[in-house]
Amino acid sequence: MNGSLTDPLYGSANSVWQARLRQLGVVFRIELARTLTSQRVLAPVLLCLLPIGLLAVIGSLDQDGEPLMETPERARYGFSYIYSSIVLGAVVYFGCAALFTSLFRGELLERSLHYYLLTSMRRELLALGKYLAGLTAAVGLFGGTTVLAYLLLYLPFGGSRLMADLAGQGGSQLAAYFGVTLLGCIGYGAVFTLAGLLFRNPVIPIAIFTAWEVWHVVLPPALRVFSVLHYLKALLPVPMDEGPLAVVTEPPAVWVSVAGLLALAVGVLIVAAWCLRRAEVRYTED
């Protein structure tokens, strides 16, 4: 048979893929440990404390001996605003910006990326391994924050009411919020991974993308499809208030939102891998 994958120098196709999976696993483990033990995780952790602390305070307050949120239904409705504005709008967004832009940016600044580039590993595996490491850390942090913040809603109502509601509407809403957080990490993570690779100082592209996400509600429908938040809003169990200036449009279907975010992540990672393929190791630069 012809082809390098079956050449004795490279071994069989099966052994080649096994070697690539091992390389991917090595990059993933190194980058995950580096992410969770470096200073880059400090800002996301501090962000996670915002909704947790806020809901803990709200749950401990009472009015005339009654919970501030009189019923779990009102508490869940209040959580929808906290999730949209704080968890999704601040924790997930800026947390992903901090985590994913550092995946390549730190090594570019330290000029240590060449240790990866000088190996025989394919650049696609390097991009994917770093992204998966950042995604695992982000989902662990922000997904855990989403679940813990939601459970704090039931602090005034007791464990029995919590278990009863989680078996019904409360459980379905919690699953929906966790799914939105997961997809938010996937979409924003891919965008900020590319930003960290292309820009030594990603503050400007982050600022531009932030403005795009904030003001996408006033854009025509043809341009909204390039916004991550446009798809995430369609998946929220309680619709998000877009404000008085928003152009009213039909939200995308659930399958369109999920497929769109996954396609965005794949497309951006392909671009990142292409950029890595063109990257050169230079020792003579200052």
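Quick note: numbers below take in every heavy atom, side chains included, and nothing from hydrogens, waters or symmetry partners.
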Fill in: Verdict with reasoning, Q173 to F178, per side chain to side chain contact (heavy atoms under 4.5 Å, CB included)
CA-CA 9 Å; Q173 285 195 0; F178 184 85; over 6 Å; no

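- The shortest non-hydrogen separation linking P44 to L99 is CG-CG, 3.8 Å.
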Practice prompt. Carefully, step by step, assess L148 and L55 under the rule side chain to side chain contact (heavy atoms under 4.5 Å, CB included).
Written response: CA-CA 10 Å; L148 181 56; L55 284 163; over 6 Å; no

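- L49 is not connected to V139 by any chain of hydrophobic side-chain contacts under 4.5 Å among Ile, Leu, Val, Met, Phe, Trp and Tyr, and they are in different clusters.
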What side-chain donor-acceptor pairs closer than 3.5 Å can you find for residues 183-190, not counting sequence neighbours?
| unit_1 | atom_1 | unit_2 | atom_2 | d |
| --- | --- | --- | --- | --- |
| Y188 | OH | E213 | OE1 | 2.7 |

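- Under the 4.5 Å side-chain heavy-atom criterion for ILVMFWY residues, a single connected hydrophobic cluster contains both L103 and V45.
- L152 approaches I52 most closely through the heavy-atom pair CD1-O, 3.5 Å.
- To the nearest 0.5 angstrom, L135 atom CG is 10.5 Å from L32 atom CG.
- Taking S172 as the reference, nothing meets the side chain to side chain donor-acceptor pair (under 3.5 Å) condition, with sequence neighbours excluded.
- Between the S227 side chain and the R224 main chain, no donor and acceptor come within less than 3.5 Å of each other.
- Rounding to the nearest 0.5 Å gives a distance of 11.5 Å between OG1 of T35 and CD1 of I30.
- Summarising the geometry of C48 relative to F142, their closest heavy-atom pair is SG-CD2, 3.7 Å, with the distance given to 0.1 Å.
- The CG atom of L232 sits 10.5 Å away from atom NE2 of H230, with the distance rounded to the nearest 0.5 Å.
- Under the 6.0 Å cut-off for aromatic ring centres, F79 and Y177 qualify, their centroids lying closer than that.
- Inter-residue side-chain proximity for L50 and V87 is flagged as unmet; no heavy-atom pair is nearer than 4.5 Å.
- Closest non-hydrogen pair, V91 versus P51, comes out as CG2-CD, 3.8 Å.
- No side-chain heavy atom of T145 sits less than 4.5 Å from a side-chain heavy atom of L47.
- Taking OG of S102 as the start and CZ of R34 as the end, the distance is 11.5 Å to the nearest 0.5 Å.
- Under the 4.5 Å side-chain criterion, counting only non-hydrogen atoms from C-beta, Y83 is in contact with L236.
- Here the side chains of F28 and K130 are not in contact, with every heavy-atom distance at 4.5 Å or above.
- Y231 pairs by the side chain to side chain donor-acceptor pair (under 3.5 Å) definition with nothing, not counting sequence neighbours.
- With a 4.5 Å cut-off on side-chain heavy atoms, K233 and V180 do not count as touching.
- Proximity of F209 to V214: side-chain heavy atoms (C-beta onward) are nowhere separated by under 4.5 Å.
- Judged by the 6.0 Å distance and 45° axis criteria, R277 is not positioned over the aromatic ring of W274.
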Item to complete: Starting from the C-alpha separation in whole Å, work towards a yes-or-no answer on side chain to side chain contact (heavy atoms under 4.5 Å, CB included) for L198 and C275.
Response: CA-CA 8 Å; L198 296 180; C275 293; 3.5 Å; yes

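- Looking only at side-chain heavy atoms (C-beta outward), I86 and L54 come within less than 4.5 Å of each other.
- Distance CZ/R76 to CG/D165: 5.0 Å, rounded to 0.5 Å.
- The structure places CG of L132 at 8.0 Å from CG of L269, a figure rounded to the nearest 0.5 Å.
- Considering only heavy atoms from C-beta on, L88 comes within 4.5 Å of L229 through its side chain.
- Each of F199, Y93, F100, Y131 was scored for a ring pair (Phe, Tyr, Trp, His ring centres under 6.0 Å) with F192, with one residue passing: Y93.
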Worksheet item: Does the side chain to side chain contact (heavy atoms under 4.5 Å, CB included) test come out yes or no for W212 and L223, once each step is laid out?
Response: CA-CA 10 Å; W212 179 269; L223 294 178; 4.2 Å; yes

